[in-house]
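Each chain gets a letter, A, B and so on, in the order its sequence line appears, and its residues count up from 1.
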2 protein chains.
Amino acid sequence: MSQPAITLANRVCADIVQDIVTGVIPQGSKLNEPELARVHGISRGPLREAMSRLEAMRLIRRIPNVGASVVNLSYEELLEIYQIREALEGLAARLAAQHMSSQETMALRQLLNQHQQHIVQTEGQSYFQQEGDVDFHYRIVQGSNNQRLINILGGELYHLVRMYRYQFSLSSNRPEQALQEHNKICAAIEEGDAELAEWLMRRHISNARRNIKQRMQADVTPAIDN
Amino acid sequence: MSQPAITLANRVCADIVQDIVTGVIPQGSKLNEPELARVHGISRGPLREAMSRLEAMRLIRRIPNVGASVVNLSYEELLEIYQIREALEGLAARLAAQHMSSQETMALRQLLNQHQQHIVQTEGQSYFQQEGDVDFHYRIVQGSNNQRLINILGGELYHLVRMYRYQFSLSSNRPEQALQEHNKICAAIEEGDAELAEWLMRRHISNARRNIKQRMQADVTPAIDN
DNA sequence: TCTTATATTATTGTCGACAATAGACCAAAG
DNA sequence: CTTTGGTCTATTGTCGACAATAATATAAGA
């Protein structure tokens, strides 16, 4: 059994994604190909391939004969992303309610219980710092059983949301309420109530979006609720 | 005034997209890099860059150390795409109703009038063969004013839908009805009724999806209605 | 001093060659 | 005859060098 044949471009791409998301490579900064290649110990060939993927993820922008720069995050674009998430994750919740197995729903419920404990332990300080598998939204998307939906949400949108969380220090200012919303969504999925699951998820993300908008207008670091 | 600096990878990418969409390069066929490069008169470097973009568009699949193949279209994936389109184009219609200028709505109305004439002339034979700018859905997406939505629908989903139209010979079996639905959506946008525009668009695409599903189960070439 | 044209330099785009991997082919053993 | 093992070839991954473009610096003219 061979492992998934990791290529240089693959590895370096993942590394750079991490650096961009966490701000090691700052927003708007220009990417110098020879230097980046040297730093990662590869040649420009695979590096350019990695950069193509970064471009597909919308983490960098390329201009022919000029170069590539890390995207500049703005609240306007964040709101755009949340509009799309509302539509797509609503769909994902509906499909998850139809397709998720009892095993998967049990694991989801267990995840929320862990979140509950975490809130109690930290007294509501740091909910929603998790990523990847442990993320509530991520699991629901995975449970949608729509591969293309998984690709869109897990590919180009997921890393951008991560990037906003890191660099704008987005964290929930109402963890208990957010967790309650998660619980309701989970319950709807457990009961197989697709319509309700979609509606709850849409409202959940819409709430987060309004929250961001308000704080944006107040010129304060906004909170994120999911 | 210099033109947008077209690069070799850019040009060849567009060429290959066209070949894949129209079936010149058949589904599932493997892409041989040296041969493709020779055919297009470039080296493997820019070719691989072009292939990265094709992969981002989901027109080809790549396996490390094995190679790239054109995707195999299936009705299941087509239905997946329509689920996503229902959600995203519904959103696009809502936003278009909020943001499109009177100039844009007038152009949209004019487009539908042209379609009407075309149906009369061809006696309903060949509506919905247009592409790009002349496409009703395309314009609404453009009018959404959400750049990321435009990228998703216009990037990875648009070409796939084109591909299905070509290769499955998808064309409407009810052009008049589809045009009526387009007219209603256009009217809602003209009136700025965002909720209605979204609802109509979702129903429109949902109808098309049901149509495909029925014909799929009947094991007949399905029709497409948008 | 400001503007404009020119030259220089740094960076990207492109190419051909080499290395590494996977699949095909063939042979030998059971 | 089937299966297993190895070899061989075709294809992909990677690299370094060259060409072309854009940004910068410089110098000349108004």
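- Atom CZ of B:R202 and atom CG of B:L91 lie 9.5 Å apart (nearest 0.5 Å).
- The salt bridge (charged side-chain N to carboxylate O under 4.0 Å, His left out) test applied to A:E156 returns A:R58, not counting sequence neighbours.
- Residues that satisfy the side chain to side chain contact (heavy atoms under 4.5 Å, CB included) test with A:S101, not counting sequence neighbours, are A:Q103, A:E104.
- A:N32 is linked by a side chain to side chain contact (heavy atoms under 4.5 Å, CB included) to A:P34, A:E35, counting only residues two or more places apart in sequence or in another chain.
- A:Y75 pairs with exactly one of A:F168, A:Y82, A:Y164 by the ring pair (Phe, Tyr, Trp, His ring centres under 6.0 Å) rule, that one being A:F168.
- An OP1 or OP2 oxygen of C:dT14 is reached within less than 4.0 angstrom by a side-chain nitrogen or oxygen of B:T7.
- The side chain to side chain contact (heavy atoms under 4.5 Å, CB included) check on A:Q98 picks up A:R94, A:L95, A:A194, with sequence neighbours excluded.
- When the P atom of D:dT11 is taken as reference, atom CG of B:L47 falls 14 Å away, rounded to whole Å.
- In this structure B:R210 satisfies the salt bridge (charged side-chain N to carboxylate O under 4.0 Å, His left out) test with no other residue, sequence neighbours excluded.
- For A:I63 and C:dT12, the CD1 to C1' distance is 13 Å, given to the nearest whole Å.
- Sequence neighbours left out, the pairs with a member in residues 146-155 of chain A that pass side chain to side chain donor-acceptor pair (under 3.5 Å) are A:N146-B:Q83, A:R148-B:E77.
- As rounded to whole Å, 16 Å separates atom P of C:dT12 from atom CG of B:N10.
- For the segment residues 48-57 of chain B, no residue has any heavy atom less than 4.0 angstrom from an atom of DNA chain C.
- Separating the CD1 atom of A:I6 from the P atom of C:dT21 is a distance of 13 Å, rounded to the nearest angstrom.
- A:D15 is linked by a side chain to side chain contact (heavy atoms under 4.5 Å, CB included) to A:R11, A:H40, counting only residues two or more places apart in sequence or in another chain.
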Validation: residues 41-50 of chain A side-chain donor-acceptor distances under 3.5 Å, sequence neighbours left out:
| residue | atom | partner | partner atom | Å |
| --- | --- | --- | --- | --- |
| A:S43 | OG | A:G45 | N | 3.4 |
| A:R44 | NE | A:E33 | OE1 | 3.1 |
| A:R44 | NH2 | A:E33 | OE1 | 3.0 |
| A:R48 | NH1 | A:E33 | OE1 | 3.3 |
| A:R48 | NH1 | A:E33 | OE2 | 3.1 |
| A:R48 | NH2 | B:E49 | OE1 | 3.4 |
| A:E49 | OE1 | B:R48 | NH2 | 3.4 |
| A:E49 | OE2 | B:R62 | NH1 | 3.2 |

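- Residues that satisfy the salt bridge (charged side-chain N to carboxylate O under 4.0 Å, His left out) test with A:E190, not counting sequence neighbours, are A:R109.
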Quick one: which protein N/O atoms are closer than 3.5 Å to N/O atoms of nucleotides 23-25 of chain D? Pair and distance per line, please.
none

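- When each of A:P46 and B:G67 is assigned the nucleotide of DNA chain D with its nearest heavy atom, B:G67 is the one assigned upstream, toward the 5' end.
- Residues of residues 29-44 of chain A having a heavy atom closer than 4.0 Å to DNA chain D, listed by number: A:I42, A:S43, A:R44.
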